[in-house]
Amino acid sequence: MPLPSAPLIFGLDLGTSSVGSAVLRLHEDDTPPTILRLGVRIFPSGRDPDSGEPLNAQRRRARLMRRQLRRKRHRRQDVTRILHEAGLLPAFGTADWHVLMTKADPYQLRARAPEDALPPHEAGRALYHLLKRSGFRSLRKPMSEDKEDEEGPIKKEILEHSQRLGKRTLGQYLVDLPKRRGLHLSHDMVLAEFDAIWQRQSEAAPSVFTDELRANLTTAAFARRPVFWRLDTYGTCRFVPGAPLCAKGSWQGQDYVLLQTVNSLRLFGGNERPLTPDERHRVVAMLRSQESATFGKLRSLLKLGRDVRFNLEAGGRDKLAGNAVGARLTKLLGKDWPDLAAAPDIRETLHDRLHAIHYRRVGNHRIELRSPDEQAHERAAFIDHATSTWRLPPDMAAALADLDLPAGWLRLSREAVGRLLPALETGLRYDEAVRQVFGIGHQEGPRSARRDRLDSDHRNLRNIRNPTVVRALNEMRKVVNNLIDAHGRPDVIRVELSRDLKLPPAERAEIDKRNRKRERERKAAETDLRTKGVAATPEAIDRWLLWKECKETCPYTGEKISFADLFHAGRFEVEHIIPRSRSLDDSLANKTLCERSANQRKGDRTPFEAFGPDANGGNAAVWEATTARVMSLLPVAKARKFLRTSAPEADDAFVERELRDTSYISRLARDRLKTLGDDVRVETTNGRVTGQLRRLWNLRAILPEPQAATSGRNARDKNRADHRHHAVDALVTALVTPAHVKRLSDHYRKERLHELHSLPLPWPDIRRDAGAKLARIVVSHRSNRKISGQLHKETRLGITDIVTRRSGIDYTDFVIRVPVADITAKNLSAVVDDGVRAALDHFLATHGGSMPKVMPPYPTLPDGAGLREIRRVRIRKPLRRDLMVPVGPEGQSFVEAGENHHLALYGHPDEPGVVIAVQLIEAARRLSRGEAIIRPWDDEGRPLVMSLCKGDMLMMPDSLADGSPDIRIVTGFWANGQVVLQYHRDAIGNSATYPRLAILFRKGARKISVDPIGRIRPAGG
């Protein structure tokens, strides 16, 4: 689609907690582009900064725990009511109830109940104690991708108890154990004891232990709500929207994944090539009959040498997945099962029929796990169908009903997979098959009708399960819509995404692990270099890492590389395996060491082009030896790059590839932006290109780093202490065109030839123009006014009447139980009980003044005839009573409140004002009562002057030295009225101050509102 003569371009730098934006207007003649706007939007990522876990995960776990405890309490109340109505228990809370619960040993009663007739209340006490806990019931999905280990810790313990149990009931077994609580026991054990007790007691009192009572107790104690999954969590097919997804455990799904993988296989080691049609046919035939095959097995099948490697080995894989359904059917039905008359129907319907045994669909919204009785009924129906329709023997049909299939769903629908399979059967790669079948690229989004703005309907993101991505896309929507309002509809939107945003959590964790390992290696390099008198510059550290990586041996010549030759004599150099002019890859993954003369002979060529058998003066035997040496020295991925027989040229196709980012998250961002209509061109750019352009254009100069930060590894990168570096990245993203990528390639080629050359700037005054716009940026921060998060801490504390006063504030001693391991010499005096404190003092004295890291042994306290272990200890904790939240009906239990929701300043013009901190739990209570969360008046009738939440912004009365406004963001506040302020551009917290809100207001600070692109307007209270 041709662009208009003066196109409007939006550049976006999308990260996990930021959106940088740039707006450019290009001109038809030689007039330089105009930078209309630069901006930055900052927002919380929604993840814990240390663990990377979504912040709502802890809330969800706590919510689930509360729900489980609530349901458990209701079940216990129902059991109590049913037993009382049957005359088997006294009324709850009465004197008789307390006597029965405290005097009678329930374990002794449970041990007697299966054999002796008990009085009604004793029989009821035994049943009540038994039914309080229903035992462990696995909720494992019947069809799991990785079959659960039957000898796992819980099941292993249950099996051990079951073997010791023998013919006794659970109560008869537990009565003889010294420890009865905290054991893993199965639901079947509880049911067996219930049946035994009921049988004996019903014989003695049939009028009391009736079938109706048994049914009511069984329902109250054992009935569970069905486990379910929402259908909208499965996702949708991008090619056939609305069609049901294809199951991984179906024959179609298995064959689709198998063919897609095999069709992408390539061989390297010598000449790189794809599989021949005959090789591909043999590999597919083998994988269709087994669950997986190692690459060694594939080499044997294809009669390849050990030096030949498959491209997928470079990623760390050691085998290829086969057709698990076919392999398991072969194992179950025999190798000739494909010849059965029912084979086509088995392939087509097996997954659906097995799935229906365990699950049922409820309407159009969810899938439920069937109850055990329902599963037994559906299993019988499956066996009947397999014997009558498929003509299988009964024992084989029963085994087929229990077949375990891979779980999960593909991202494509069954219809889309069915249409792609014939194309994949011919050997086409996935992208080629998609283009042939659907007429579009495999990363292209659906066409959209023209819209003036991005839709704010959150249902458009309901299929994205990553909360970080959802938040980033929502903030991108706000930025784009505001840019459209301010500057009009764009002709081009270019987006670059941070690496962290593009990766799923598991891969981010793996990268973090590799980065920590690499950081340890860099520290080792730095120590070794300094020990040997070499300056530990980033370049020297890289050279040291490459030296160790290639085992101190030149991959090109096989010579050993000494430290002196590398760092003093200069006989060996760092070189780019694929020339930088053709790969634009300046990372360590594209570098190794090379003897200087060999590097000069290599020039601007790949190793194969310079030294391969087809090179000028090349020798097949020499290249074969080089191949073997490289495979033994370098990591697999780097060896594969070294041995490539072809490399990209800096042609139009190369430029196009380098410009495009085809990751899943990039596609989501592009699809979201494409909803503006087909007249807006949306491009996702490669961060490698933009990073090198930023460096070579020296755009870092317009945002210099603080002096203390210029000596590290990223000294030549960008100033990450200033949020505005996101705007610089967005500017570069907006400027990236094929012409700039071609110039970058030419620059590296000329640099290799030692020609004096600098990369031309997009226009001569770009640094001046960008600097002027950067100076005017007001960084937009998302305000946190939502009522969400932990309302209070979980641990309950008891209150005492001890009050102390410090700094004019009263502190009340509360009592809390803590693990004994938390006791130290410093907090020993806070232990409440004198005897426990003395025992702990003695224990600390005998263990060097601190608790051992591994327990037992625990501290002990004399208890009657023996010693009692001290595992938890009551300690006093002085806290402000007004910041505690009472819980429970008696007002003796308290919990510490969560965070504050807002600070509110109340007062009249002639008064100093009163600051009130409103806790999050109080804000939630006001919301539930339908009241104003931020009250316009305080209890004394004073009007609201100003309120502050985290993320709110203040305009300070005095300007900065450069004349720009002094704008501060609220990052926190305390109950005493202090506010934590930070300069709006500060990304690392170096500018934090802690003034009081009332003083700020008196000095003239005013609350402002900053929209997502940095426009300022006055804010209300």
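- Between the CD atom in Glu575 and the OH atom in Tyr556 there is a gap of 3.0 Å [rounded to 0.5 Å].
- Between Arg681 and Asp491, no side-chain nitrogen of the basic residue sits less than 4.0 Å from a carboxylate oxygen of the acidic one, so the salt-bridge criterion is not met.
- Here Arg782 pairs with Glu475 in a salt bridge; the nearest charged N to carboxylate O distance falls below 4.0 Å.
- The side chain to side chain donor-acceptor pair (under 3.5 Å) test with Thr733 is passed by exactly one of Glu683, Arg494, Glu496: Glu496.
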Inset, instruction - Check the pair Cys550, Leu634 against side-chain contact (heavy atoms from CB on, under 4.5 Å), reporting the backbone distance first and the verdict last. - result: CA-CA 6 Å; Cys550 67; Leu634 299 181; 3.9 Å; yes
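- Remark: the backbone N or O of His725 is not paired with any side-chain donor or acceptor of Asp722 at under 3.5 angstrom.
- Looking at heavy atoms from C-beta onward, Ile577 lies in side-chain contact with Lys638 at the 4.5 angstrom threshold.
- A distance of 9.0 Å separates OG1 in Thr34 from CG in Leu26, rounded to the nearest 0.5 Å.
- Considering all non-hydrogen atoms of both residues, Cys554 and Phe572 come closest at CB-CE2, 3.9 Å.
- Minimum heavy-atom separation, Ser18 to His726: OG-CE1, 3.2 Å.
- Salt-bridge check for Arg543 with Glu539: failed, with every basic side-chain N at 4.0 Å or more from each acidic carboxylate O.
- Salt-bridge annotation for Lys548 and Glu521: absent, with no side-chain N of the basic residue lying under 4.0 Å from a carboxylate O of the acidic one.
- Counting heavy atoms from C-beta outward, Thr971 and Leu981 have side chains that stay 4.5 Å or more apart.
- Counting heavy atoms from C-beta on, the side chains of Phe563 and Asp528 come closer than 4.5 Å.
- Arg968 and His984 form no side-chain donor-acceptor contact under 3.5 Å, judged by distance and modelled atom types alone.
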Legend entry - Criterion salt bridge (charged side-chain N to carboxylate O under 4.0 Å, His left out) on Asp769 and Arg767, from CA distance to verdict: CA-CA 6 Å; Asp769 296 347; Arg767 299 190 194 104; over 6 Å; no
Legend entry - Steps toward side-chain contact (heavy atoms from CB on, under 4.5 Å) verdict (Ser21, Leu483): CA-CA 9 Å; Ser21 60; Leu483 290 178; 4.0 Å; yes
Inset, instruction - Evaluate side-chain contact (heavy atoms from CB on, under 4.5 Å) for Leu673 paired with Leu454, printing each intermediate quantity in order. - result: CA-CA 7 Å; Leu673 293 168; Leu454 294 177; 3.9 Å; yes
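- When side chains are defined from C-beta on, Val495 does not count as touching Thr685, because their heavy atoms never get closer than 4.5 Å.
- Inter-residue side-chain proximity for Val680 and Val492 is flagged as unmet; no heavy-atom pair is nearer than 4.5 Å.
- Contact detail for Val479 and Pro1012: the closest heavy-atom pair is CG2-O, 3.9 Å.
- The CZ atom of Arg489 sits 6.5 Å away from atom CD1 of Ile484, with the distance rounded to the nearest 0.5 Å.
- Remark: Arg724 CZ to Asp729 CG distance equals 13.5 Å, nearest 0.5 Å.
- Pro32 pairs by the side-chain contact (heavy atoms from CB on, under 4.5 Å) definition with Trp763, not counting sequence neighbours.
- Ion pairing of Arg453 with Asp485 is present here, as a side-chain N (NZ or NE/NH1/NH2) and a carboxylate O approach within less than 4.0 Å.
- Taking 4.0 Å as the cut-off between side-chain N and carboxylate O, Asp671 and Lys674 do not count as a salt-bridged pair.
- You'll find the side chain of Leu12 reaches within 4.5 Å of the side chain of Val480, heavy atoms only.
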Inset, instruction - Starting from the C-alpha separation in whole Å, work towards a yes-or-no answer on salt bridge (charged side-chain N to carboxylate O under 4.0 Å, His left out) for Lys478 and Asp1011. - result: CA-CA 9 Å; Lys478 297 175 186 177; Asp1011 75 0; over 6 Å; no
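- Side-chain contact annotation: Ser780 with Arg41, donor-acceptor N/O pair under 3.5 Å present.
- When all heavy atoms of Ala730 and Gly11 are compared, the closest pair comes out as CB-O, 3.6 Å.
- Aromatic ring centroids of His781 and His723 lie under 6.0 Å apart.
- Using a 4.0 Å cut-off between a side-chain N of Lys or Arg and a carboxylate O of Asp or Glu, Lys523 and Glu519 do not qualify as a salt bridge.
- One N or O on the side chain of Arg471 and one on the backbone of Pro44 form a donor-acceptor pair closer than 3.5 Å.
- Of the N and O atoms on the side chains of Asp565 and Ser562, at least one donor lies less than 3.5 Å from an acceptor on the other residue.
- Relative to the ring axis of Phe567, Lys532 does not place its NZ or CZ within 45° and under 6.0 Å from the centre.
- Atom-to-atom distance recorded for Leu761:CG and Trp697:CH2 is 8.0 Å, nearest 0.5 angstrom.
- Contact between Ala770 and Ile702 at its shortest, heavy atoms only, is CB-CD1, 3.7 Å.
- A donor-acceptor distance shorter than 3.5 angstrom exists from the side chain of Arg605 to the backbone of Lys602, with no hydrogens or angles considered.
- Under the 30°/60° scheme for interplanar angles, the aromatic rings of Trp544 and Trp547 are found to stand perpendicular.
- Side chains of Phe43 and Val19 form a contact here, defined as non-hydrogen atoms less than 4.5 Å apart.
- Across Ile578 and Lys641, no two heavy atoms sit closer than the pair CG1-CG, 3.6 Å.
- Note that OG1 of Thr531 and CD of Glu526 are 10.0 Å apart. Values are rounded to the nearest 0.5 Å.
- Residues Ser783 and Asp952 have side chains that bring a donor and an acceptor to within less than 3.5 angstrom of each other.
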Inset, instruction - Using the side-chain contact (heavy atoms from CB on, under 4.5 Å) rule, take Arg694 and Val728 through it: C-alpha gap first, then chi angles, then the decisive distance, then the call. - result: CA-CA 8 Å; Arg694 180 184 61 243; Val728 177; 4.2 Å; yes
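- Ser991 and Gln982 are not linked by any side-chain donor-acceptor pair at a separation below 3.5 angstrom, with hydrogens and angles left out of the test.
- With a 4.5 Å cut-off on side-chain heavy atoms, Leu529 and Ile541 count as touching.
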